Engineer: 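Can you keep this structure in mind? I'll have questions shortly.
The chains referred to below are lettered A, B, ... by the order of the sequence lines, with proteins before strands, and numbering in each begins at 1. No experiment lies behind these values; they were computed from the predicted model shown.
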2 protein chains.
Amino acid sequence: MANPKKAQQNTILDIAEALKLSPATISRALSGHPYVKEKTKNDVLKMAAQLGYRRNNMASGLRSNKTHTIGLIVPRISMFFHAEVITTIQNGLHKYGYNLIICQSNDSLDMEKELAEILFSSRVDALIAACTLHTVDFSHFDKLLLNGTPVVFYDRVPLNEQHAAIIKGDDFRGGYIATTHLIETGCKRIAHISGPLTSNLYQDRSSGFQQAMEQHKLPVNKIWVFHQELTHTNAREAMRKMFEGEVTPDGVFTDNDTSAIAALEFAREKGINVPGDLKIIGYSNDPRTSIITPSITTIEQFPDEVGKKIVETLMDLLKSGGNNVDERIQPIIIPVQLIRRMTT
Amino acid sequence: MANPKKAQQNTILDIAEALKLSPATISRALSGHPYVKEKTKNDVLKMAAQLGYRRNNMASGLRSNKTHTIGLIVPRISMFFHAEVITTIQNGLHKYGYNLIICQSNDSLDMEKELAEILFSSRVDALIAACTLHTVDFSHFDKLLLNGTPVVFYDRVPLNEQHAAIIKGDDFRGGYIATTHLIETGCKRIAHISGPLTSNLYQDRSSGFQQAMEQHKLPVNKIWVFHQELTHTNAREAMRKMFEGEVTPDGVFTDNDTSAIAALEFAREKGINVPGDLKIIGYSNDPRTSIITPSITTIEQFPDEVGKKIVETLMDLLKSGGNNVDERIQPIIIPVQLIRRMTT
DNA sequence: TTGTATGCGTTATCAC
DNA sequence: GTGATAACGCATACAA
């Protein structure tokens with residue numbers, strides 16, 4: 001077992017000395033530079049392994065202005081969708097030799113700002129961000145952009161960003177097909193438990209909801225439309241309010257699965273028959289929706305596709321070295337899909 | 001919006017020039033050094049803000065040999081327990097001005113080794129690790145230890161590590177109280193779906209199981225004891241095998257909740273009455289266990305407590321600067337608790 | 001309280 | 001192909 005006494009890092013100078021070569025040659029050999037004799041390269045690699053040498057990323061980054069590190073800011077890693085996206089990104093970047101610094105904003109704008117600063121301090125080669133629900137002004141990312149650091153937004157994205165890549169789900173269509181599905185399965189009085197309209201996600205899903213309703217000539221009851229943080233308790237409270245009234249909804253579309261679960265639990269407790277008297281559809285295809293009884297119909301967002309697209313986009317941006325940064329980057333929209341289960 | 005042209009980083013020299021001061025003074029002012037005139041300090045801070053200055057962590061770290069960055073290796077961030085622990089750690093470290101680099105090993109030993117190397121390259125100030133199920137030899141962490149970098153293991157930990165801190169749940173007791181609970185609620189024929197015995201987790205839970213059975217003079221049927229990766233399909237397969245036989249279990253203790261869910265689903269499909277004819281208890285208090293019908297009895301591991309203890313331990317180690325590293329560090333055991341629900 | 005000088009480990013730019 | 005040297009941005013020992 002290790003016997004820690006004092007730091008004793010080997011540097012390229014140690015390798016150089018051991019091999020009677022210059023540090024420059026060692027550096028070249030280690031970074032796969034073309035003009036190094038094959039034998040020299042092998043010697044260096046062998047000696048490096050022998051001495052347990054590991055490149056100091058700080059020195060390397062300072063000199064070369066490349067960290068091979070990507071920053072990531074998400075609201076919460078515990079959200080199923082984000083956990084999946086992150087995993088895909090991390091595995092994808094790893095193949096290209098990039099590391100990922102994962103940071104959580106806890107859906108706090110102040111934290112998000114601070115994290116952007118910190119990641120800038122670390123001189124990440126690029127930044128990936130899924131913003132908070134309250135991020136309307138995105139200027140805290142400008143310092144990165146100004147510095148030529150590529151920024152990729154996903155999920156919760158700015159609406160008019162000229163210089164950053166944008167990858168998002170088809171939230172309009174998600175809202176539309178969810179609502180249409182409720183209508184097609186017979187719902188006439190549809191409620192919508194949505195998130196705050198500060199976020200593009202809920203704007204788009206709400207538009208989809210509206211359009212489906214209009215298209216089928218169904219009235220939207222404003223008392224049944226909620227824009228609030230999508231927590232379990234908020235959803236429950238919304239359900240309570242709606243089912244106090246004389247006329248009650250026969251369909252609920254919630255903008256996340258936590259709310260759908262809350263709605264279902266409420267219905268079960270009140271003895272409301274699901275899907276007989278009330279149909280419920282959620283959003284995200286959280287694993288919990290397939291486990292609960294009855295299992296919940298929801299919208300699949302394909303986190304894996306999102307993650308892959310992010311990596312792909314990022315690699316393009318990094319390769320082009322900020323050259324294509326002046327042309328406006330088109331947002332990439334990932335399709336969504338209805339997952340029909342027992343609540344509809 | 002940002003108009004990215006070329007990199008234009010400000011350094012302390014820019015501030016120094018603008019203020020007709022020396023770089024040294026700027027450095028001191030920015031890092032809260034005591035011997036700086038109040039006015040100077042304010043001037044510097046103001047100018048730094050004005051120029052949008054942000055310290056370059058690589059340069060700072062290279063010089064001071066401190067990165068204010070902690071590395072973290074986990075099998076998967078999507079596991080509920082780990083997601084919670086990580087969040088607590090991240091929030092805790094943030095208060096002390098430390099950042100966290102989160103890495104996933106995907107339960108691959110090779111990946112874990114590589115991540116340890118990478119994090120060493122980044123010269124993290126400390127490393128936190130929850131190892132893979134297959135990590136028996138922990139020598140890939142020795143380089144960090146040798147270098148004086150504190151290492152804290154949690155959850156899946158080495159058994160005889162002299163120089164690293166260890167924080168773990170009370171798995172023996174978890175196994176014991178889970179089994180005892182089944183016995184006390186009337187089970188006589190108890191099965192145990194456990195993980196591979198290469199991991200301390202399942203060794204300890206298995207010992208707890210054994211002891212409870214012995215203590216209550218119940219025989220352990222070896223055909224009902226499984227040591228395998230704790231996946232949904234593996235658990236299902238185990239159930240299938242057990243319920244092919246003449247005599248079938250009346251209680252199942254699974255070492256994670258995914259397996260408990262699989263067991264419950266199997267029982268529901270086969271029309272086995274739970275908890276009437278079969279009682280089930282899981283491990284970890286995953287949110288899914290409280291959502292499924294019937295809700296599953298499980299063992300709470302208090303990820304929040306684990307996370308807090310990790311931060312606390314880490315801060316001690318960092319403060320002492322590796323001085324107490326020669327004395328053997330005692331493992332810290334976090335208590336567990338039975339959460340009784342409808343499957344028992 | 002501030003300035004001067006040096007070096008952290010690596011890589012880029014020249015030479016040879 | 002390889003070597004010498006400077007420079008990346010900052011923090012610190014020492015001097016003033």
Engineer: Would you kindly give the CG-to-P distance between L51(A) and dG9(C), to the nearest whole Å?
Structural biologist: 15 Å

Engineer: To the nearest Å, how far apart are L62(A) CG and dA12(C) P?
Structural biologist: 12 Å

Engineer: Between F120(B) and R123(B), is there a cation-pi geometry (under 6.0 Å to ring centre, at most 45° from the normal)?
Structural biologist: yes

Engineer: Rounded to the Å, how far apart are K66(A) NZ and dT10(C) P?
Structural biologist: 18 Å

Engineer: How close do V152(B) and L314(B) get, heavy atom to heavy atom, and via which atoms?
Structural biologist: CG2-CD1, 3.4 Å

Engineer: Do any side-chain nitrogens or oxygens of S64(B) fall under 4.0 Å of OP1 or OP2 in dA11(D)?
Structural biologist: no

Engineer: Determine whether any donor atom in the side chain of R63(A) lies under 3.5 Å from an acceptor atom in the base of dT10(C), or the reverse, and answer yes or no.
Structural biologist: no

Engineer: Say whether, by atom type as modelled, one donor and one acceptor occur between the side chain of S121(A) and the main chain of R55(B) under 3.5 angstrom.
Structural biologist: yes

Engineer: Any side-chain N or O of S60(A) below 4.0 angstrom from OP1/OP2 of dG9(C)?
Structural biologist: no

Engineer: Between atom CG in N56(A) and atom P in dT10(C), what is the gap in whole Å?
Structural biologist: 6 Å

Engineer: Would you please classify the geometry between the H68(A) ring and the Y98(A) ring as parallel, tilted or perpendicular, with 30° and 60° separating the classes?
Structural biologist: tilted

Engineer: Who are the salt bridge (charged side-chain N to carboxylate O under 4.0 Å, His left out) partners of D110(A), not counting sequence neighbours?
Structural biologist: none

Engineer: Tell me, please, which residues at least two apart from D43(A) pass salt bridge (charged side-chain N to carboxylate O under 4.0 Å, His left out).
Structural biologist: K39(A)

Engineer: Taking CD from Q9(B) and P from dG9(D), how many angstroms apart are they, rounded to a whole number?
Structural biologist: 7 Å

Engineer: Would you please classify the geometry between the Y154(B) ring and the F81(B) ring as parallel, tilted or perpendicular, with 30° and 60° separating the classes?
Structural biologist: tilted

Engineer: Write down the distance between CG (D43(B)) and P (dT1(C)), rounded to a whole number of angstrom.
Structural biologist: 14 Å

Engineer: In residues 12-41 of chain A, which ones come under 4.0 Å of DNA chain C, going by heavy atoms?
Structural biologist: I12(A), L13(A), A24(A), S27(A), R28(A)

Engineer: Specify the separation, in whole Å, of atom CZ of R123(B) and atom C1' of dT10(C).
Structural biologist: 11 Å

Engineer: What's the CE-P distance between M58(A) and dC8(C), to the nearest Å?
Structural biologist: 13 Å

